[in-house]
Amino acid sequence: MGFQISDKAKKVFFGLIGVGLVLLVAGLFTQTKFLFPHLDEDHPNDLEVVSYAEDLDDYSEDLVALKEEVKNALGDGYIITISEGEHGHEAHKGGEHVEEGHEAKPSTHHGPRLLWNIHISKTSGASHDESAHDAGAHSEHGNSNIKHGHHDASPAALLAGMFESGTLALPDHGFRRFWSNLLINGFFFMGIALGAMFYIALHYATESGWGVVLLRIFESVAGAIPFGMVLLLIVFIAATLGFNSIYPWMDKDIVAHDALIQGKTGYLNPTFFWIRIACYFSLFFIFINWLKKTSKREDAEGGVDLHYKMYRKSAFFIVGFAVFSSTMSWDIIMSIDTHWFSTLFGWYTFSGMWLTGMITIMMVTIYLKSKGAVEFVNENHIHDVAKWVFALSFLWSYLWFSQFMLIWYSNIPEEVTYFEYRFDSYKYVFFTMFVVNFILPMVLFMSRDTKRSWPYLITISLIIFVGHWFDVFCMVMPGTLFEEWEFGMLEIGMFMASLGGFVLLIFNGLSKAPLIQKNHPFLEESKHHEF
Amino acid sequence: MHKESDIRIPLILGDKSYRDITDDIIRPIESKAPKGWYILISIAGIFALWGVGCIVYLLGTGIGAWGLNKTVEWAWDITNFVWWVGIGHAGTLISAVLLLFRQKWRMAINRAAEAMTIFAVMMAGMFPLIHMGRLWVGYWVFPLPNQYGSMWVNFNSPLLWDVFAISTYFSVGLVFWYIGLIPDFATIRDRVTKPVAKKAYSILSFGWTGGAKAWNRFEVVSLVLAGLATPLVFSVHSIVSFDFATSVIPGWHTTIFPPYFVAGAVFSGFAMVQTLMLILRKAFKLEAYLHVKHVEYMNIVIMATGSIVGVAYITELFISWYSGVEYEAYAFLNRATGPYWWAYASMMTCNVLSPQLMWVKKLRTSLTFTFILAIIVNIGMWFERFVIIVTSIHRDYLPSAWSYFHPTWVDIGIYAGTIGIFTVLYLLFARYFPTMPIAELKTILKSSGQNFKEGFGNGAGYWEKHAHHGHDEHQAEIITEKPKTVEANIEEVVVEENLVEENTTEDQPDKLVFTKEEAEVAKNSLLERLGVGSADNKDDLKVINGVGPVLESKLNDMGIFTYLQVSKMTIEDYNVLDALTGSFPGRAERDDWAGQASKLNENK
Amino acid sequence: MADKVIYAMYDDDDTTKDAAQHFVDKGVHVSEVYSPFPIHGIDPIIGVEQSRLGIVAFMFGLTGLAVAMIGIRYMNIIDWPMNIGGKPNFDFFHNMPSFVPVMFEFTVLIAAHGMAFTYLLRNKTLPGMPARNPDPRTTDDRFVIELRLEDNHNFSVDDLLSMAKQTNIVELEEKTIK
C-alpha cells in the first residue's frame, strides 16, 4: 500500500508528543503568575493590581494569604494599604487603549474580576519627590521599563516587579492560558490542512499538471484536518458550556452591559455559531474524504470520468471555501476581539493557512524523497513547491501590510485599538513575527539555487513555519490574555504535542494509499516535469 | 520537450508549420489593410478629436466645466481613471502571472493584451493630469529640485504613491512588451521587401540576431521581468485603492480594498481582452491560434475574479453592519437604497450575477455570449468605481450639503474621447505590430499544435519518434472523448488549409531530370529567356524570400545575377532551375520569386 | 584576421539539437546557433551558461531601494518635515508605512529598467544596430549552426563540411569573414 513510516521515526514523533505533554502539564502546574500590576504615572505611590480570574470564589483563601504577603513585601519602611475596587469594574487597560481626546468606549473584554488599589506610604521621611520623579519617567515609556527599572525604582515599581516576577502570585485555576493555547494550535493545524485542501481543489480546478505526483501527499496533509477540528471543538464546547470565556459574546453578563456586542448578537450567538461551525467542518471533512475515495477509485478504474468529476467538484468546493474561509476566521478568531472588525481579516488569515500548508507539504515531500519512497518526484517538483512558499509569503506580507497600513494610516479609534494593543504589549513578538515571515523568504528564497537546496529549504521553512504559529499567537492572545501574556513551557509543550500528533496523522494518511495516482490523466506530464 | 497529456486540447489548430505561423501572424502587416480598418480608425479618430477638443475646452475654461460640485469633488474623472487603470491590468497579468504559472494559452493573447495595457494606462494617466487644471505643470508631481527651496512632494500622500505606481507600471509594462517584440520585429525585418518598412522594422528590431546566447538571456529577462511585474500589478491597483481606503470616509475606508481592487482590475481587464481579441481573431483570421478553448479559459478567469469581487462586496456589506459603526452602515444602506440605487443595482447585476452564468459550459464556450458578457462586465466595472466614488461622498455629514452629480457634455466628451484615442492606438498596433508573439508560438507548436498532438500533416509520426515514454493503455479511449466544442472550429480551419494545399499541388509538374549535356542546353536556353547579367551589376538575391546564400551562389554560377532576370522567370523556368540546382521542387513558385524580384527591381 | 566560417542550415529545432550534439560529440566547438525561437535544451549541449541577468536585476533593485529611502528621508524628514495626520514626521522609521509604496515602486522601476538596459547592451541590440544573422530565414523557420574555424583549430574546413553533411542539413555554406 502506501508509505509505512519507520519505527524510528514513529518513536521520534511519539517522543515529541510525550515531551510536549510533560512540558504542558509542568507548565500548567508551575504557572503561578496571575496578578498583574499597573503603575500609574500620576501617582507614583499607588499601584493597581488586576486579575482576570474566572471565578474568584475559588481563590478566597489564597487571596487572604496573599494580602498579608503583599503588606509585608517591602519590609518595615513602608505602610501598605489595600483597598478593593468594585467587582466588574470597567478597566481602561483591560481591553483597549482609548486614544486621548476620544470618548472612552466600553471595553472589548470583560473588565478584571479583581481590582486592588494599593497605596504605599513611607514611615520615615525619605526622598519622596525623587522617587516620584523616577516613577513618572519610567512609566512614560510603557511597560518594558518596569522590568529593568528595579534598581532605583519607586516602591510601587518595586512591588510591581514582585508581581511581575511571580514572587507575589496566585495559582491559576482558570486555565485561560491553556484554552487560548488550545485555540491557537487547533486553528493553526486545521489551517495547514485547509491550505493543503484548498490547493488540491485549485490543482484540479485549474487542470494543472505539474503536481500530480504530489497529490497523494496533498491529500494526506489535507486529510489530517480532523486533528485541528477536534482541538477546536473542545474549545468551542468548553466555551459554550462556560468552562472558558474566550468568546466574550458567549457570556450573557458581558453582553448585557455592552451595547456594541448587543448589536452583533444577530450573528454572534451560540446557536448560529454552532450552525456555521457545523457547516464549515462538515464541508471540509466530507470534501476531503470524498476526494480521497474518488482518487483511489480512479486508481482502480482508470478513465477520465472520475477526473472530470473531481475537476467539477473542486471548482464548487473553491466557491464554498471562498465564502467559508472568510466567515470562519471571523467566527473563530476575529470575534475574540468582539468590538474590532476588518474586512480583510478573512483573506489575510487564509493566506497564512495556505502558506503553512505548502510548507508542510514541502517538508513531507522532502522527507519521503530522502527515504526513497517517491522516486517519481524530481527536484523540479520541490522547486515548484518552494516557489509557492516564496509567492505565498509575499501574498501574506502584502495582505498583512494592507490591513496594517490602512488602519494605521486612518487612525480611527474603533479600528486602531487592535494594533495599539499589539504594539504596546506584544511589540517584540508582533514585529519579529512580521519581519521573519516577510524578510526571510523574500530575500533567501529569491534565488533559484536556494530553492533547490534541501538543507536551506528545510531550515528557512521551519523558521517561517514557527513564525506563522506566532502569527496566530498574535491574533489570539491579545484578545484572551490581554497584556498579561506569557510564553513558556505551556506554549512550547502544547505546540510540540500538537505537531507530533498532526504529523503522525499525516503519515497515517500516507500509509493508506499508494503514493502515486497511477491513472491520473496528467501523470506523464507531471513525471517529466521540468522547466 | 515532453509530450503533454492527450486530454489537453490543442492550442494551435490545423496543420501548421513554423513558416505558417510567421505567415499567419504577419499577414495583416504585409497585406493591405481591409476597408473596415479604415472605417473604424476614422470613427475612432473623430471620437479622439472630439475628446481632445473637450480637454482643450476644459483646460481653457477650468475644472468647473465638469459636473463636479462642492460635495461631489470626484466623479467621472476619477471613475474613468480607475476604470482605465483596471483595464490596464490584464495585460501584465496575462504575460507575467501566466508566464510564471507556465500557462501556454497565454501566448494567444499576451501581446495584444500588453498593448491594451499600455494604451489603457496612458488613458488613465490623462485624467489626473487634466484634473490638475494646469496640464503644463504636470511634472510637478515628481520630486524635482525647484526654485521654491524645500518644496518637495509629499511622500505620505496616496496620490503621490499613485504617481510612482502608475508611471512605474507604465514604463515597466512598456519594457516588458518591447523586449518580447524585438525578435518578432526581426522576423518582419527579414521578410518585408519595401525599403521604408524594411528600414523601419530594422530600427525597431534593434539588430536582433537570434543567437543561442541571446535567446538564453531573453528567457531569463522575460522570467525576471515577469517576477517583477507580478507584485507590481498587485501594488498598482492596491495603491489606487489606497487613494480611497486611507481616508476616513465611510464606504471608502475598508481594509479589503487592496486585494479586492486587484481582483476587480483583473476582472475588467480580461473582459476588455475578450472584447478586443474576439474582434481581432476574426478580422485577422487568427482563429487557429485563438479558439474556443482560449476564450473558455479567459471566461473562467472572469468568472473566478467576478466571484472574488462578489465575495468582497458581500463582505463589505456584512461588516458595515457587523462593525456597529452607524456611519459605515448608512454608507452602504445609502448605496443600495439611496438616490444612486440604480448604479448599485447595475454594478451588482453586471459584476456579480452575470459572470455566474459562465458556470454553464454552453455559455462560456459561446463566442457571441462571451462578447456580450465582456461588454456587460466592462459596463459593470465602470459602475463599480462610480458607486464607490460618488455614492460614498454625495451625502456627507451635513444633510444641507447633500448633493447629486450630473455629468456635463465635457465629462461625457472626455470619456468618449479616451475610448476613441485608445481605439486609434489599438488599431495602429494591430496593423503594424505582430499581434501575437511569433517566436513564442513556435515554441509550443510541437507540444500543443493539433497536427503534432494528433499526428497528421507536419506533425505526422513526430511523437512516435520523440516520445521518451510509452503511451498509456487508456490513451485511445481518451482521444475519443475529446470535447466537442473545438471540433467545429478545427474543421473550419482544416478546410482552409486544404484549399491552400490544393492550389500549390495542382499545377506542380513532375520533377525534371537532366543529363549533363541536357543541363548545359537547358541552362543556355534559360539564360536566353532571362537575359544575361554580370557579376558587376549584381543584386542581393538573398533578399528574395526562399533564396539563401547557397542558392544565390548557384544562381550566380549559372549567370543569374539580377532581380530583372529573376523577375522574368515562369513556372517552366522554375522547374528547369530546380533540376539544375537540385533544390526543392515547388519552392520558387510557392515563394513567387518572380513577383518578389520584379517588386525589388522596381524599388531598386 | 580573416576567418573561415561554416553555416549548416536545418529546418527543424530537434534536428538542430541532434546536429549540435553530433558536432560536440566529435569535439567540434559550436560557435553559435541562430534560431527563430529559443530551442529548449540546446544550451547545455553547446556550452551556453545560464545568464546572470537575474543577479543584475537584484543589484539594481537594491540600488533603487537605497536611493528611494535616502531620497525620501532627505526630502520629507530632514529638509521639509510635515505633520501629516498627526503622525511623527521627524523620524523615518515611525513614518515608514506610508513610505513603503514609493520605496517598493522605485525598487521595481530601477530593477526592471536596469536589467532591461543591461540585457540590450549585452545582446548588442540597440536602435540602428545591423542584423548579424547569417541568413534572413533564421528568424522565420530555419536554424543555422555556425562553426568558426578559429574556434576549431584541430579541424580543417573539409573535415567540418563532411561532418556537417552527416547531419540532416538543408543547406551548407562556407564563408570568409573579416
Side-chain angles (χ1 to χ4, degrees), chain B residues 1 17-19 22 143 150-157 160-161 164-165 168 171-172 175-176 179 182-183 186-187 189-191 202-203 205-221 224-225 228-229 231-232 235 239 242 439-440 442-443 466 542-543 548-551, chain C residues 7 9 14 32-40 42-43 46 48 50-51 53-54 57 71-72 75-76 79-80 82 84 95 98-99 101-102 104-106 108-109 111-113 115-116 119-120 122-141 171-173 175:
Chain B
M1 198 186 336
S17 64
Y18 294 139
R19 159 58 66 95
T22 318
S150 302
M151 284 287 286
W152 296 110
V153 292
N154 179 7
F155 285 100
N156 295 279
S157 163
L160 186 80
W161 306 345
F164 276 84
T168 302
S171 65
V172 172
V175 166
F176 197 11
I179 282 183
I182 290 174
T187 305
R189 168 198 72 202
D190 291 342
R191 276 182 53 125
S202 77
I203 292 171
S205 66
F206 286 13
W208 174 265
T209 41
K213 285 187 193 82
W215 278 121
N216 180 291
R217 291 189 196 111
F218 176 86
E219 295 213 297
V220 170
V221 164
V224 176
L225 273 180
L228 285 169
L232 186 63
S235 78
I239 288 174
F242 290 162
E440 277 185 284
K442 287 174 187 166
T443 61
H466 286 84
K542 287 196 294 290
V543 174
V550 177
L551 213 53
Chain C
Y7 292 117
M9 188 187 274
D14 290 305
E32 183 63 292
V33 175
Y34 298 96
S35 58
F37 58 85
I39 306 173
H40 286 272
I42 203 165
D43 293 349
I46 60 169
V48 170
Q50 185 73 5
S51 159
L53 280 164
I72 294 174
M75 291 175 201
N76 267 197
D79 198 34
W80 193 257
M82 283 178 279
I84 308 292
N95 222 30
S98 54
F99 295 151
V102 173
F104 172 79
E105 298 299 332
F106 205 71
V108 172
L109 183 81
H113 287 270
M115 177 184 64
Y119 160 79
L120 292 178
R122 287 292 284 126
N123 268 357
K124 299 199 185 71
T125 42
L126 285 172
M129 293 289 270
R132 296 176 310 277
N133 44 341
D135 186 293
R137 287 169 296 167
T138 59
T139 55
D140 182 0
D141 62 345
E171 282 174 30
L172 190 60
E173 197 187 355
K175 233 184 185 176

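To find a chain, count down the sequence lines: A is the first, B the second, and so on, and within it residues start at 1. Predicted model only: the values in this text are computed from it and were never measured.
- The contact between C:Leu126 and chain B is made entirely by backbone atoms, counting heavy-atom distances below 4.5 Å.
- Remark: the backbone N or O of B:Tyr18 is not paired with any side-chain donor or acceptor of C:Asp141 at under 3.5 angstrom.
- Here B:Asn156 is the residue among B:Thr187, B:Asn156, B:Thr22 with the most heavy-atom pairs under 4.5 Å with chain C.
- Taking CE of C:Met75 as the reference point, atom CG of B:Asn154 lies at 12.5 Å (rounded to 0.5 Å).
- At a 4.5 Å heavy-atom cutoff, the contact between C:Leu172 and chain B is made by backbone atoms alone.
- The shortest side-chain heavy-atom distance between B:Ile182 and C:Leu120 falls under the 4.5 Å cut-off.
- For the atom pair OG of C:Ser98 and CZ of B:Phe155, the computed distance is 11.0 Å after rounding to the nearest 0.5 Å.
- With rounding to the nearest 0.5 angstrom, the OG1 atom of B:Thr168 is 4.5 Å from the CG atom of C:Leu109.
- For the residue pair C:Thr139 and B:Asp190, a side-chain donor N or O sits within less than 3.5 Å of a side-chain acceptor on the partner.
- Counting heavy-atom pairs under 4.5 Å between each of B:Ala229, B:Ser171, B:Ser157, B:Ser205 and chain C puts B:Ser171 at the top.
- Only the side chain of C:Phe104 has a heavy atom closer than 4.5 Å to any heavy atom of chain B.
- In this structure, C:Ser51 OG and B:Glu219 CD are separated by 11.0 Å, a value rounded to the nearest 0.5 Å.
- Residues B:Ile239 and C:Pro101 approach most closely at CD1-CB, 3.7 Å, considering heavy atoms.
- Looking only at atom types and distance, the side chain of B:Trp152 has a donor-acceptor partner in the side chain of C:Asp79 under 3.5 Å away.
- With a 4.5 angstrom heavy-atom cutoff, B:Leu228 touches chain C via backbone and side-chain atoms both.
- Between the side chains of C:His40 and B:Thr443, no donor N or O sits under 3.5 Å from an acceptor N or O.
- Using cut-offs of 30° and 60° for the angle between ring planes, the B:Phe218 and C:Tyr119 rings count as tilted.
- Of the possible donor and acceptor atoms, one in the side chain of C:Glu32 sits under 3.5 Å from a partner among the backbone N and O of B:Ala212.
- Ranked by heavy-atom pairs under 4.5 Å with chain C, the first of B:Val153, B:Val221, B:Ile203 is B:Val221.
- With a threshold of 4.5 angstrom between heavy atoms, C:Asp43 approaches chain B through side-chain atoms but not through N, CA, C or O.
- Looking at heavy atoms from C-beta onward, C:Leu53 lies out of side-chain contact with B:Val224 at the 4.5 angstrom threshold.
- Checked for salt-bridge contact, C:Asp140 and B:Arg19 meet the test: a charged N lies under 4.0 Å from a carboxylate O.
- Counting all heavy atoms, side chain and backbone alike, B:Trp208 lies closest to C:Thr125 at CA-CG2, 3.8 Å.
- There is no contact between B:Phe176 and chain C, counting heavy-atom distances below 4.5 Å.
- For a residue to count as touching a neighbouring chain, one of its non-hydrogen atoms must lie under 4.5 Å from one of that chain's; by this rule B:Val172 touches chain C with backbone and side chain alike.
- Put simply, the side chain of C:Pro36 reaches to within 4.5 Å of the side chain of B:Lys442, judged on heavy atoms.
- With a 4.5 Å cut-off on non-hydrogen atoms, B:Val175 touches chain C through its side chain but not through its backbone.
- If you measure heavy-atom distances from C:Ala111 to chain B, the contacts under 4.5 Å come from both the backbone and the side chain.
- Interface remark: B:Pro183 contributes no atoms to any contact with chain C (heavy atom separation under 4.5 Å).
- Of the possible polar contacts, none joining the B:Trp161 side chain to the C:Glu105 backbone as a donor-acceptor pair under 3.5 Å is found.
- For C:Pro127, the parts lying near chain B are the backbone and the side chain together; criterion is any non-hydrogen pair under 4.5 Å.
- Taking CH2 of B:Trp215 as the reference point, atom CZ of C:Phe37 lies at 9.0 Å (rounded to 0.5 Å).
- The CD1 atom of C:Ile39 sits 12.5 Å away from atom CG of B:Asn216, with the distance rounded to the nearest 0.5 Å.
- Options C:Val48, C:Val33, C:Ile46 differ in how many heavy-atom pairs under 4.5 Å they form with chain B, and the most are formed by C:Val33.
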